[in-house]
**Q** 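Got a structure here, written out as structure tokens. Questions coming.
Here is how names work: the chains are called A, B, and so on, in the same order as the sequence lines, proteins then strands, and each is numbered from 1.
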Amino acid sequence: GNSVTQMEGPVTLSEEAFLTINCTYTATGYPSLFWYVQYPGEGLQLLLKATKADDKGSNKGFEATYRKETTSFHLEKGSVQVSDSAVYFCALSVSIGYALNFGKGTSLLVTP
Amino acid sequence: NAGVTQTPKFQVLKTGQSMTLQCAQDMNHEYMSWYRQDPGMGLRLIHYSVGAGITDQGEVPNGYNVSRSTTEDFPLRLLSAAPSQTSVYFCASSQRRGLRRTDTQYFGPGTRLTVL
């Protein structure tokens, strides 16, 4: 089946630190990969996506590269801010009519 | 555009009661889906729809019913609420892209349901 595994949280970083949140996947076919972010008390927002191997998604200083050889889609940011504190979800979509398979989420807390 | 809207935002039910969670989108999206979010579990798919009149089950469909009579609306019904259905419920929609892909999913703000 299709599944996503992401690193357990919570992750606590100081402002301006480097962030990596690991995400690996198992999928049949050729999935599209996504990172969603959920700020406290809110719904999910798309952060970035990649639809084929070697694509790099980027947004708001966050990046992730679709690595088919390692079945990974790790999220990175060079310098985090307090406002980046949120829960981050890695997800995949493999076929039309099927919705997203989500990882369990990684909580990030950035301290001043 | 309002995007994806959900009502109510909060709801408390007693075991055995029924209710409908409303979801609407104004983006003319073909695909709509319902997820539940539980601590440490991520989001799990309950039901989804690929267009008006067509629905199918997701990962955790038991205890929930859906219908899709229009493109805009996709209500989720709990016929006899149970404490295990205490959760946050999210509705999402997306557009079809080509024959084999869906586009980005847009999420509503969620409904927080407590069943006593």
**Q** Checking heavy atoms, do the side chain of Gln38(A), its backbone, both or neither come under 4.5 Å from chain B?
**A** side chain
**Q** Relative to the ring of Phe62(A), is the ring of Tyr88(A) parallel (under 30°), tilted (30 to 60°) or perpendicular (over 60°)?
**A** tilted
**Q** Would you list the atom pairs, donor with acceptor, under 3.5 Å between side chains in residues 105-112 of chain A and any protein atom, with sequence neighbours excluded?
**A**
{"residue": "Thr106(A)", "atom": "OG1", "partner": "Gln6(A)", "partner atom": "NE2", "Å": "2.9"}
{"residue": "Thr106(A)", "atom": "OG1", "partner": "Met7(A)", "partner atom": "O", "Å": "2.7"}
{"residue": "Thr111(A)", "atom": "OG1", "partner": "Leu13(A)", "partner atom": "O", "Å": "3.4"}

**Q** Heavy-atom cut-off 4.5 Å, strictly under: side chain, backbone, both or neither for Gln37(B) against chain A?
**A** side chain
**Q** Which bit of Leu46(A) is near chain B, if near means a heavy-atom gap under 4.5 Å: side chain, backbone, both or neither?
**A** side chain
**Q** Should the pair Asp38(B)-Arg36(B) be classified as a salt bridge under the 4.0 Å nitrogen-to-oxygen rule?
**A** yes
**Q** Between the side chain of Asn101(A) and the main-chain N/O of Ser3(A), is any donor-acceptor distance below 3.5 Å?
**A** no
